[in-house]
Amino acid sequence: MGGLRWRSVRAALPWLLAVLGGVGLILAGLAVAVAVRGTEPDNLLMDTTTVLHGPWYAGALSTLGILFWSAAAVTSLFSWWVARGAPAATFQRDFGLVSLVLLVDDQFGLHGAEQISRLGLTKKPLLLLAAGIGILLAWRHRGVLLDHPDLLVLLCGLGLLGLSTVFDVGLFDPRGRNAVEESFKLLGSGCWALFAVRASLRLVGPAGSVDAWKDAAEASAGR
């Protein structure tokens with residue numbers, strides 16, 4: 001039993017060191033920012049409501065949307081890593097990477113007009129580029145998508161995100177436009193995360209390829 005525990009420790013140690021090393025690099029970058037630019041550490045280490053002295057519920061639903069993107073990215077990339085080599089694994093990888101891009105964009109507001117204007121660009125061409133990339137990825141994975149039992153969930157999410165984009169670019173400008181835009185985005189990201197989680201479970205669940213992966217790992221450990 002002691003030997004088994006030691007093998008478990010040795011197997012987990014590289015991952016633990018990778019996580020601690022990654023966080024250490026982030027904290028080192030924070031120290032450099034504090035020393036060079038005079039950045040206040042609290043602005044990066046503490047939550048937004050505390051830093052801005054806002055009410056406790058400020059940005060709560062926006063944070064929920066970030067959690068949806070995070071769930072989609074993590075589950076998709078994890079299932080790809082576990083079942084890499086399976087026919088649907090490449091789709092999970094690409095879906096996870098797209099989810100990661102959407103997460104970073106939403107977290108830091110990269111799609112905002114102010115951020116885009118700093119690059120000398122406008123929002124509509126970037127949206128057309130994003131739509132084009134999405135169409136190419138959908139065509140590449142059309143076999144997986146058309147055969148997927150949860151395709152309706154993904155289409156619903158894309159429709160809601162599309163409605164959010166319509167209000168974001170100002171094609172309609174009703175009263176409370178920002179609230180309508182963010183509401184559609186939250187619903188869309190929720191559907192997106194639901195699809196990602198169900199697709200990941202379908203790939204690596206009891207009926208998926210994770211069983212073969214476990215068998216191969218156990219066989220390798222027994223050698």
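Numbers here simply count residues along the sequence, with the first being 1. Computation of the quantities below employed the complete heavy-atom set of this structure, encompassing side-chain atoms and omitting hydrogens, waters and symmetry-equivalent molecules.
Leu187 and Val180 fall within the same hydrophobic cluster, defined by Ile, Leu, Val, Met, Phe, Trp and Tyr side-chain heavy atoms under 4.5 Å apart, directly or through other members. At a threshold of 4.5 Å between side-chain heavy atoms, the hydrophobic network of Ile, Leu, Val, Met, Phe, Trp and Tyr places Ile66 and Leu194 in one connected group. By the rule that hydrophobic residues join a cluster once side-chain heavy atoms approach within less than 4.5 Å of another member, Leu152 and Leu154 end up as members of separate clusters. Trp192 and Val144 fall within the same hydrophobic cluster, where Ile, Leu, Val, Met, Phe, Trp and Tyr residues are linked whenever their side-chain heavy atoms come under 4.5 Å apart, directly or through other members. Both Leu137 and Phe195 belong to a common hydrophobic cluster when Ile, Leu, Val, Met, Phe, Trp and Tyr are linked at side-chain heavy-atom distances under 4.5 angstrom.
For Arg177 (side chain) and Phe167 (main-chain N/O), a donor-acceptor pair under 3.5 Å exists by modelled atom type. When atom types are taken as modelled, the side chain of Thr75 and the backbone of Ser200 share no donor-acceptor pair closer than 3.5 angstrom. Ser189 places a side-chain N or O within donor-acceptor distance of the main-chain N or O of Leu186, the cut-off being under 3.5 Å.
Side-chain contact check for Phe68 versus Thr63: every heavy-atom pair is 4.5 Å or farther apart. Using a 4.5 Å cut-off on side-chain heavy atoms (C-beta onward), Phe95 and Leu145 make no contact. With a 4.5 Å cut-off on side-chain heavy atoms, Leu129 and Pro125 do not count as touching. Inter-residue side-chain proximity for Thr165 and Phe184 is flagged as unmet; no heavy-atom pair is nearer than 4.5 Å. Put simply, the side chain of Trp15 does not reach to within 4.5 Å of the side chain of Val19, judged on heavy atoms. Counting heavy atoms from C-beta on, the side chains of Trp81 and Leu77 never come closer than 4.5 Å. Annotation: side chain of Leu161 is in contact with side chain of Lys185 (closest heavy-atom distance under 4.5 Å). The shortest distance between side-chain heavy atoms of Glu182 and Leu61 does not fall below 4.5 Å.
Between Trp56 and Thr49, the side chains place no donor N or O within less than 3.5 Å of an acceptor N or O (distance only, hydrogens not considered).
The heavy-atom pair separating Leu203 from Ala89 by the smallest distance is CD2-CA, 4.2 Å. In terms of heavy atoms, Ser76 sits closest to Ala196 at OG-CB, 3.6 Å.
Note that the CG atom of Leu102 and the CH2 atom of Trp69 stand 4.5 Å from one another [nearest 0.5 Å]. Expressed to the nearest 0.5 Å, how far OG of Ser183 lies from CG of Leu160 amounts to 10.5 Å. For the atom pair CG (Leu151) and SG (Cys156), the distance works out to 11.5 Å, reported to the nearest 0.5 Å. If you take CG on Asp150 and CG on Leu155, they are separated by 11.0 Å, rounding to the nearest 0.5 Å. Interatomic distance, Cys191 SG to Leu158 CG, rounded to the nearest 0.5 Å: 9.5 Å.
Among Arg84, Gln92, Arg202, the one residue that satisfies the side chain to side chain donor-acceptor pair (under 3.5 Å) test with Ser79 is Gln92.
We find that Arg140 and Asp94 are joined by a salt bridge, their nearest charged nitrogen and carboxylate oxygen being less than 4.0 Å apart.
Using cut-offs of 30° and 60° for the angle between ring planes, the Phe91 and His148 rings count as tilted.
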| field | side chain to side chain contact (heavy atoms under 4.5 Å, CB included) between Val23 and Leu27, intermediate numbers included | value | CA-CA 6 Å; Val23 175; Leu27 293 176; 4.2 Å; yes

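More than 12 non-hydrogen atoms from other residues, nucleotides or ligands lie less than 6.0 angstrom from CZ of Arg93.
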